[in-house]
Amino acid sequence: MSVATATVSGRVTPKLSLDRRYLPVIGTVVVFLLMLLVGGVRYENFLSPAVISNLFINNAHLIVLATGMTFVILTGGIDLSVGAVLALSSVITATLLQAGIPLIIVLPVALLAGSVIGLGMGVMIQYFEVQPFVATLAGMFLARGLCFIFAPQSVPIRDQGFVSLTNWGLTVGRWRLTAAVVIALLVVVGALWVLHRTRFGRTVYAVGGGEQSATLMGLRVARTKVLVYVISGTCASLAGILFAMFSRSGYALTGVGMELDAIAAVVIGGTLLVGGMGFVAGSLVGVMVLGLIQTIITFEGTLSSWWTKIVIGVLLLVFVILQRILSLRRT
Amino acid sequence: MIASTPQQRPTAATEAEHQPTSPIVQMSGITVEFPGVKALENVDFRLFPGEVHALMGENGAGKSTLIKALTGVNQIASGSITVNATPIRFSGPADARENGISTVYQEVNLCTNLTVAENIMLGSEPRRFGGLDWRSMRRQAAVFLKRMGLNIDPGSSLGSHSLAVQQLVAISRAMVVDAKVLILDEPTSSLDTDEVEQLFAVMRQLREDGVAILFVSHFLDQIYAISDRITILRNGALVEERLTGELPQRELVSLMIAGTSDATVGQVIERNVVSARKSDAKPLLQAVGLGRKGAVQPFDLELYPGEVIGMAGLLGSGRTELARLLYGADKADEGSIQLHGVQAKLRTPRQALGHKIAYTSEDRKGEGVIGDLSVAENIILGLQAARGWTRPLPATKAAQVVDAYIKALGVRPANPQALLKNLSGGNQQKVLLARWLATAPKLLLLDEPTRGIDIGAKTEIMNLVSELAEQGMSVVFISAELEEVLRLSDRIVVMRDHTKVAEIPSSQDVDVPRLIEIIATGEENT
Ligand SMILES: Nc1ncnc2c1ncn2[C@@H]1O[C@H](COP(=O)(O)OP(=O)(O)OP(=O)(O)O)[C@@H](O)[C@H]1O
Ligand SMILES: [Mg+2]
């Protein structure tokens, strides 16, 4: 029987020079670099530290939203509530600060609001078998409604501690990093670690690859599926705080449709909507691509800002088709 | 499987003598109900440490359900379970695994989007600085793979491997936890003799170490080679528990199959092979120098109407790959195919279907059955696709076809409206087969069509195939079971290392040992 053993070990497994899984992300990075190049050639001062710094500063909240969204989409779910939760947490922050409650209490409360809403949606999805689309749509209406109960009008933030936090920044030459950007990047690094270095993170991928299989493998599927919504909710409320730092106010109507930006960034970043495939790093680049479109249109000057939406739409389409082709090739 | 030599079971006799007094797992009066079906009724089952206990029964008898009742996947309507004499109800596979019950479920239940290493180690992964330690994870996975005789890159993604490798990976995963109880639900269904031997060696070692092993297989040879005790289920009820050494094979079969005298089981129509091809017959399909890099070396092959071509070779020898080329599932990068003497383009399965070429995949879960559709819809699917979606099949005609095949293949439950995912593994396989038979193809490529099918149904299927050939269908029959291949085929193609090494007419002087020799040496004349 030695003959056969030799054959078994000699079994040909198709070796790819480059792992297919990275192709979509690499595609996004290439698009991003191309856009930088085109912008740099077309406009003066485009590739300046100030412009790049602003790219991060203006999109810090979106980076955090997209990071949380990546967890959910990796399991094959979706979270439509994040835009509303962002608004809710910014409104909670602003009203509580206005009421004179100390920052050290306000921030955890605002954060927790998102976690609790995420937990509720996760439980609905996992234990009551509500479609993620429906459950998070309900969460979105709930959070948006709560915003108006807290404050129908825009609430300015004048709290000393908060303002000084907002003003904090690192300046190296003409590069600038705000507290919000630092927090956003820390969230990305944390997410990378969780997704690639913990059992929970790998279970997120396993659930996206096949929920039944993951269950039979003895992985904690139910807990994982609830937790990703808690993470996404918490990220959303953190993004709300970052947005409040950015605008120095809380307003019930902020972040309308922002959940769609987050989803777009994740998809452009190469994460499959069916789950199981994708990277947080991709989502970060996805946000940068969205931001860069906006920057280019500003630089163009004559174009209306609605062109941003059109370009995002086209890019999304291209990326989804690209993914489709890739996944077809795989089978 | 290939080697039908009786294995000696050194431990069986001694096992019986000083049988451990207390079972590690004891299930009593287990009843499991699904909407409209009682899958198990009042079943008792016990498992002793240091024994291999075979669970036997026809497709749909309730074997997998009993296993899932134990590990908490299926809810128990009534009955009790004790493990080590303590009553227990597991909340699910995770719970069971943590309590020392390690299970390989029927069908490969792993995540194809993760790496091989993760699929093996996840849940017991090594850690470093509080996070997963990928390097030692891969290293440890390699050790478990090696134990199963696999030498693949643990860092590769699971989806890039064949079904057999995936099954071995699933078994490796079960070995990772220090289990007191190991459950293997049809672990050998897509394995080859040598891989089965490798698995048995590991199982014997575990048995020595006192592990209790529950083993399910439809291969009687394997049951007699490895098991010490047999429990037989029939229609969701317990028939009997016996020591293997005291239960003759014929009696086992008649206990499994209700209402048949044991003589009729396993009787296959002897095919009248010589007359199948007329001397002036023209080939239906002619492959000339057909090949694909990394999959199959260029080969020539002629298929005649009314002929069954058997395909023998080890798993991974290129059998499946060859069939996929003929079906257009993979594109050939050299050579050509002629149909009825005319150059034909077979670049997609759709084109092949247009030429009335059908292919049943060995990977029924991955590319075959659709769990959320009913049995009837699954059967009609192929027929409908062949007609084109604009011309729906008349309902009465569809019902007729469905009923005919449910009867012919003995699909159970015989309810066309049952959802396919609720059928037992073997019954799903029958439905998949029915789908392609219903299209009345001119050329039928069968890749391991009897995988996971019980012995009674196997006979039915083989008879059906030979009948179809008699009516003029050309059949390519791929199977790891050489006896089946020999019994059914007019000619046998032997594959080895992705190369067609021999093509021999099936005749009196070709028997199983001779075929094994050709497979092993790759030489026709010795
Ligand atoms: N989820 C379910 N819903 C409804 N019926 C089910 C479900 N799971 C199993 N059954 C039914 O229970 C019966 C026993 O199935 P089971 O899978 O245990 O058979 P088995 O003995 O493992 O057969 P095989 O040899 O084909 O694997 C079958 O009739 C099957 O249709
Ligand atoms: Mg079964």
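Computed from a predicted structure; not experimentally measured. Here is how names work: the chains are called A, B, and so on, in the same order as the sequence lines, proteins then strands, and each is numbered from 1.
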- [ ] Give the minimum heavy-atom separation between Thr67(A) and Val280(A), together with the two atoms involved.
- [x] CG2-CG1, 4.1 Å

Task: Winner by heavy-atom pair count (cut-off under 4.5 Å) against chain B, out of Gly210(A), Gly201(A), Ala214(A), Ala206(A) - done: Ala206(A)

Task: Leading residue by heavy atom contact count with chain A [cutoff under 4.5 Å; candidates Glu118(B), Glu107(B), Arg97(B)] - done: Glu118(B)

Task: Pair Ser81(A)-Thr136(A), side-chain donor/acceptor within less than 3.5 Å - done: no

Open item on the list: Less than 4.5 Å to any heavy atom of chain A: does that hold for the side chain of Glu98(B), its backbone, both, or neither?
Closed with: side chain

Open item on the list: Whether Glu211(A) and Lys225(A) form a salt bridge (side-chain N of Lys/Arg under 4.0 Å from carboxylate O of Asp/Glu) is what I want to check.
Closed with: yes

Task: Proximity breakdown for Leu110(B) and chain A, heavy-atom pairs closer than 4.5 Å - done: both

Open item on the list: For Thr224(A) and Thr203(A): C-alpha separation, side-chain torsions, deciding distance, then whether side chain to side chain donor-acceptor pair (under 3.5 Å) applies.
Closed with: CA-CA 7 Å; Thr224(A) 303; Thr203(A) 307; 4.6 Å; no

- [ ] Measure from NZ or CZ of Arg324(B) to the centre of the six-membered ring of Tyr327(B), then state whether that distance is under 6.0 Å and the direction lies within 45° of the axis.
- [x] no

Task: Pick from Asn119(B), Thr103(B), Asp133(B) with the largest number of heavy-atom pairs that fall under 4.5 Å of chain A - done: Asn119(B)

Open item on the list: Out of Gly208(A), Gly276(A), Ala222(A), return the one with the most heavy atom pairs under 4.5 angstrom to chain B.
Closed with: Gly276(A)

Open item on the list: Using the rule side chain to side chain contact (heavy atoms under 4.5 Å, CB included), only one of Asp185(B), Val73(B), Asn74(B) pairs with Ser64(B); which is it?
Closed with: Asp185(B)

Task: Part of Arg127(B) lying under 4.5 Å from any heavy atom of chain A - done: side chain

